Amino acid sequence: MTYSVRDVEVRAAQAEAEIASASPDALEGLRVKFLGKKGEITAFLRSLGEVPASDRAALGQAANLARERVEKALSERRETSGAQPTAKAGFDPTLPGVHGYPGTRHPISHTMEEIVRIFERMGFVVADGPDVETDYYNFEALNFPPDHPARDMQDTFFLGGDLLLRTHTSPVQIRSFQKRTPPVKIVAPGRTYRNEAVNARSYCLFHQVEGFYVDTNVTFGDLKGVLGSFARAYFGADVRMRFRPCFFPFTEPSTEVDIGCFLCAGKGCSLCKFEGWLEIMGAGMIDPEVFRHVGYDPEAVSGYAFGMGVERIAMLRYRITDIRLLFENDVRFLKQFRG
Ligand code: 2NL
């Protein structure tokens, strides 16, 4: 191999330029290309023995200088490329970041917590119980006799044997009765299940908040007072309320509770279906049969109970027209709530 000092200098300069613009990943390859065992600069150094003795000193000096230049270029490039690996043209690190959607409380959780909070302020204590229940706690203790048509009203998911998915949160109340002695004042929020045909108004899964108070001399007047306070706290101080007689197996007398439509103030609109009233819950005085089932003396104590559907309350409050939206968890829907 014959070469001149100039050849060595030109190759060193080319190597420097190539290294200076190389990506961090390419540097090791370039080191091998120039300084490896078969590298181009190494080749100059190896072949010094074959050059005429008169040129050897000058060429040796040039080749050593070339190796130093390439080594320096490599180490400089390693530092600069490592220091700014993400630096891209047009990137402005002073701009605000792009934030992900952090999520919000689900409107059902939010509504349920608001309802419970109001009752807690009136002295009710929160209780909960299992979603999988026995026939006794879901029906029998609540005065649904076997084969009574009232059971048909609650299309039940039976799980085999004695087990079922609770169709209301009333079993929690029965369990509370068994654990405590009057006075007891409990509110039971939770998930309930019914084998309903799914459509805009009903779903196979929903939530209830039930409450009850048992003590000596609890009256229907106490019930009206507590539910009136609830309605004013949740729907506004000037809300109107009415009680309509109805039937539940576990209360006697029983009532459905309506509030004056808050959208049209009773004039009639699509929300209240031109009734002027919105049904918000059911309630009544606890049937003596229920007390007998849990070992309370119906001559000594009395009590009221009430129950409301959380989806129904949330749909009225937020004007949601399809219950399925509450279970599909489409973020375009959920993002509209700031719970
Ligand atoms: C409704 C009506 C109601 C009750 C629930 C209850 C529980 C026991 C004893 C007596 Cl342990 N009653 N709960 C009473 C009346 C009505 O719910 O429409 N709920 C969505």
Side-chain angles (χ1 to χ4, degrees), residues 108 111-112 115-116 119 124-125 127-130 133-145 150-151 153-156 166-194 196 201-203 205-215 218 220 222-224 226-227 230-231 234 243-259 277-296 298 301-316 323:
I108 290 303
T111 304
M112 194 150 67
I115 295 169
V116 165
F119 285 108
F124 289 79
V125 171
D128 67 2
E133 270 294 359
T134 60
D135 182 89
Y136 177 79
Y137 283 107
N138 196 76
F139 291 123
E140 210 178 316
L142 286 153
N143 197 31
F144 290 78
R151 291 191 179 213
M153 305 281 292
Q154 306 195 355
D155 293 331
T156 309
R166 67 181 183 192
T167 57
H168 43 196
T169 48
S170 313
V172 179
Q173 321 284 44
I174 298 296
R175 291 174 182 277
S176 306
F177 286 149
Q178 291 177 336
K179 267 185 266 176
R180 298 154 204 253
T181 52
V184 272
K185 205 171 182 185
I186 299 275
V187 65
R191 204 174 253 205
T192 53
Y193 306 82
R194 289 188 197 178
E196 308 253 7
R201 257 158 284 113
S202 63
Y203 201 71
L205 163 70
F206 59 104
H207 297 75
Q208 280 193 336
V209 175
E210 265 192 60
F212 73 86
Y213 174 41
V214 178
D215 202 342
V218 176
F220 201 92
D222 295 329
L223 174 63
K224 287 184 97 169
V226 157
L227 296 186
F230 166 75
Y234 192 77
F243 287 68
R244 272 182 297 117
C246 75
F247 171 81
F248 297 117
F250 32 68
T251 45
E252 181 62 35
S254 304
T255 179
E256 244 140 18
V257 181
D258 299 344
I259 56 165
W277 296 94
L278 300 165
E279 183 188 323
I280 56 160
M281 66 173 105
M285 299 307 290
I286 298 170
D287 195 292
E289 268 316 299
V290 175
F291 285 142
R292 281 189 201 103
H293 267 108
V294 296
Y296 286 9
V301 294
S302 58
Y304 60 71
F306 55 84
M308 67 192 91
V310 180
E311 280 74 7
R312 185 174 172 75
I313 304 271
M315 286 171 77
L316 289 174
I323 194 173

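Whatever order the structure lists ligands and atoms in, that order sets their numbers, starting from 1. All values reported here derive from a predicted model rather than from experimental measurement. FYI, the numbering just counts along the sequence from 1.
Here the closest heavy-atom approach between residue Gly190 and residue Met112 is recorded as N-SD, 3.9 Å.
Applying the side chain to side chain donor-acceptor pair (under 3.5 Å) criterion to Tyr137, with sequence neighbours excluded, gives Gln178.
Taking 4.0 Å as the cut-off between side-chain N and carboxylate O, Arg175 and Glu133 count as a salt-bridged pair.
Rounding to the nearest 0.5 Å gives a distance of 11.5 Å between NE2 of His168 and CZ of Phe248.
Judged by distance alone, the side chain of Thr255 and the main-chain N or O of Arg244 form a donor-acceptor pair under 3.5 Å.
For Phe306 and Phe119, the ring centers are positioned less than 6.0 Å apart.
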N/O pairs closer than 3.5 Å, ligand 1 and protein:
unit_1: ligand 1; atom_1: 13 (N); unit_2: Glu210; atom_2: OE1; d: 2.7
unit_1: ligand 1; atom_1: 19 (N); unit_2: Gly307; atom_2: O; d: 3.2

